[in-house]
Asker: 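I'd like to ask you about the structure that follows.
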Protein chains: 2
Amino acid sequence: MSSQKIDRRVKYTKMVLRQSLLELMKSSPIEKITVKNICELADINRGTFYSHYSNPRALLEQIENDLFNDLKATLDRYLTDADLTSGSYEMIIEIIKCIEMNSDICKIILGEHGDHDYLKRIVNLAYEKFRESWIVNMRVRDDKLTEYFFNFISSGSIGVIQLWIQSGMVDPPEILASMIDKINSQGLKMFFDNKNENVTETLLKRENKCYNQAD
Amino acid sequence: MSSQKIDRRVKYTKMVLRQSLLELMKSSPIEKITVKNICELADINRGTFYSHYSNPRALLEQIENDLFNDLKATLDRYLTDADLTSGSYEMIIEIIKCIEMNSDICKIILGEHGDHDYLKRIVNLAYEKFRESWIVNMRVRDDKLTEYFFNFISSGSIGVIQLWIQSGMVDPPEILASMIDKINSQGLKMFFDNKNENVTETLLKRENKCYNQAD
DNA sequence: CCTCTTTCCGACAACGTGTTGATTATTGTA
DNA sequence: TACAATAATCAACACGTTGTCGGAAAGAGG
């Protein structure tokens, strides 16, 4: 209803501004891109830019949020409880396929000059669900060690996905997914069996020591 | 010999400029820090800045390189072949202790507004040695899967160390080291035993497919 | 004490920013 | 088709940062 009444001129302006920013981001980071740069490439008056966005970063955030919502919607369709308790395999595949489908934008946004924390946002979107599910269903402890462990897994996954993107997205997603999934499940076994109590105890002792220290 | 003849004035100027930049980086990223900002805080004439550095980034790189060389020197003292074949535990401890010793600078450089790739440089410095050692001594394959695996491990380690820094460097380094080390060794077993031939084969098949594709 | 070096100071043109008001062009609709 | 509303254009503005001068002042080191 309401979204149909958008003026064609506005639609066009926003479109070329987006395209131009993405084009510029292929060769330089967002910090070095000026409003003037974007407008010259888009052949849009500089004043017109300011009537839509306050600065280049705001424009980028618009693009990122739109893509993020797309990915989120697709993920939500696949993230059932069954998948969560069985393993991360399906989900990793799904995330990677989402990225593959939007490869033109993703190569830029998640690439060399892209936002370093953006992929983190996407992957953590998934891992937060995982974490909750595991803590409830598998009676995993919700302590500092667990936090470190989840951080390791998600950071590792992000790194691998980034490498995959940087090498042109040609390798099959199954390879990444199977590797991440194996480290996931192996890691879980490794960290939350009864042989590791001592590690947590050491952690707690050190913490108490810190609290008790003077100054 | 030659390094002793540095003018006291130069020494002072560089020192206050460094301190000022680091102070400013506590509250804002390097991109938003101007030469004027630094010089006003340092109470140094703006022109004088340009006679030492070309821009704020160049000053930051100086600071980073100096610290990097310190860390590298310390690491080299501990990185013997014995350590490399036995495991990553000692080395992780050593890296973390290095960071702890320079915590004032590291908290800023490796922290929220710091260089995201800098910690990567440090950790990879170590992992490259590891990789070589493993490939030679343990007859690990040097293929794409291995590259992905090493990337997972180093990214994961970086993530954990970052979390440790962000939460104030209070947790004992042993916790991190033991976790990273376990995932390391478990992961190695998992990936390079004879049960995983099929994964590599799949990867190779896909690659050939890509090369053969017409476009 | 004297010379050499560094820093300071004021000035400069160049550039991007964000905003303004007046003008022109395009749109959706009556 | 004609009209009113809306959007884009254009020129101009004050402002702040940049990088670079040449000359004056201050400090270093021998």
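Quick note on labels: first sequence line is chain A, next is B, and so on, each numbered from 1. Please read these numbers as outputs of a predicted model, since none were measured by experiment.
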Asker: Within the 4.0 Å limit for protein heavy atoms, which parts of nucleotides 24-30 of chain D are touched? Write it as a string from 5' to 3', B for base, S for sugar-phosphate only, - for none.
Answerer: --BBSS-
Asker: Hey, does the side chain of B:H52 come within less than 4.0 Å of C:dT6's phosphate (OP1/OP2), counting only N and O?
Answerer: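 It does not, given that no N or O in the side chain of B:H52 lies less than 4.0 Å from OP1 or OP2 of C:dT6.
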Asker: Once salt bridge (charged side-chain N to carboxylate O under 4.0 Å, His left out) is applied, do any residues pair with A:K97, and if so which ones, sequence neighbours excluded?
Answerer: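 Once residues adjacent in sequence are excluded, A:K97 has no partner under the salt bridge (charged side-chain N to carboxylate O under 4.0 Å, His left out) criterion.
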Asker: Between the protein and nucleotides 21-23 of chain C, which nitrogen or oxygen pairs come in under 3.5 angstrom?
Answerer:
none

Asker: If you define the side chain from C-beta out and look only at heavy atoms, does anything of B:L71 sit under 4.5 Å from B:N102?
Answerer: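 Yes, side chains in contact.
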Asker: Using rotation axes that map the C1' atoms of four end pairs onto the next four (five pairs an end), what angle separates the end axes of the helix from C:dC1-D:dG30 to C:dA30-D:dT1, to 10°?
Answerer: 30°
Asker: C:dT7, OP1 or OP2 - any side-chain N/O from B:T13 closer than 4.0 Å?
Answerer: yes
Asker: Would you say the side chain of A:D7 lies within less than 4.5 Å of the side chain of A:Y12, judging by non-hydrogen atoms?
Answerer: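 No, too far: nothing below the 4.5 Å cut-off.
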Asker: Nearest heavy atom decides the nucleotide; on that basis, is A:S54 or B:K14 closer to the 5' end of DNA chain C?
Answerer: B:K14
Asker: Please list all pairs passing the side chain to side chain donor-acceptor pair (under 3.5 Å) test where one or both residues lie in residues 14-32 of chain B, with sequence neighbours left out.
Answerer: B:R18-B:D66, B:E23-B:K26
Asker: Please collect all side chain to side chain donor-acceptor pair (under 3.5 Å) contacts where either partner lies in residues 55-64 of chain A, sequence neighbours excluded, each pair once.
Answerer: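 Listed once each, the pairs would be none.
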Asker: What is the distance from OH of B:Y50 to P of D:dG22, rounded to the nearest Å?
Answerer: 18 Å
Asker: Does B:S103 reach the main-chain N or O of B:I99 with its side chain, forming a donor-acceptor pair under 3.5 Å?
Answerer: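 Looks like no, no N/O pair under 3.5 Å.
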Asker: Quick one: A:F49 CZ to D:dA7 P, roughly how many Å, whole number?
Answerer: 17 Å
Asker: Ignoring hydrogens and geometry, is there a side-chain-to-backbone donor-acceptor pair from B:N69 to B:N65 under 3.5 Å?
Answerer: yes
Asker: Can you give the donor-acceptor pairs under 3.5 Å from side chains of residues 161-170 of chain A to other protein atoms, not counting sequence neighbours?
Answerer:
residue: A:W164; atom: NE1; partner: A:D171; partner atom: O; Å: 2.9
residue: A:S167; atom: OG; partner: A:L163; partner atom: O; Å: 2.8
residue: A:S167; atom: OG; partner: A:W164; partner atom: O; Å: 3.4

Asker: Just jot down the side chain to side chain donor-acceptor pair (under 3.5 Å) partners of B:N151, sequence neighbours excluded, or say none.
Answerer: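 Only B:S155 meet the side chain to side chain donor-acceptor pair (under 3.5 Å) criterion with B:N151.
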Asker: Does any pair with a residue in residues 35-51 of chain A pass side chain to side chain donor-acceptor pair (under 3.5 Å), and if so which ones, sequence neighbours excluded?
Answerer: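 Output for this query lists A:T34-A:N37.
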Asker: In residues 22-48 of chain B, which ones come under 4.0 Å of DNA chain D, going by heavy atoms?
Answerer: B:T34, B:V35, B:K36, B:R46
Asker: Got a sec, which pairs hit ring pair (Phe, Tyr, Trp, His ring centres under 6.0 Å) with one end in residues 98-118 of chain B, sequence neighbours left out?
Answerer: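 Checked against ring pair (Phe, Tyr, Trp, His ring centres under 6.0 Å) - neighbours excluded - the pairs reaching residues 98-118 of chain B are A:H116-B:H116.
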Asker: B:Y53: which residues meet the side chain to side chain donor-acceptor pair (under 3.5 Å) condition with it, sequence neighbours left out?
Answerer: none
Asker: Could you check whether any side-chain heavy atom of A:S154 comes within less than 4.5 Å of a side-chain heavy atom of A:K120, counting everything from C-beta outward?
Answerer: no
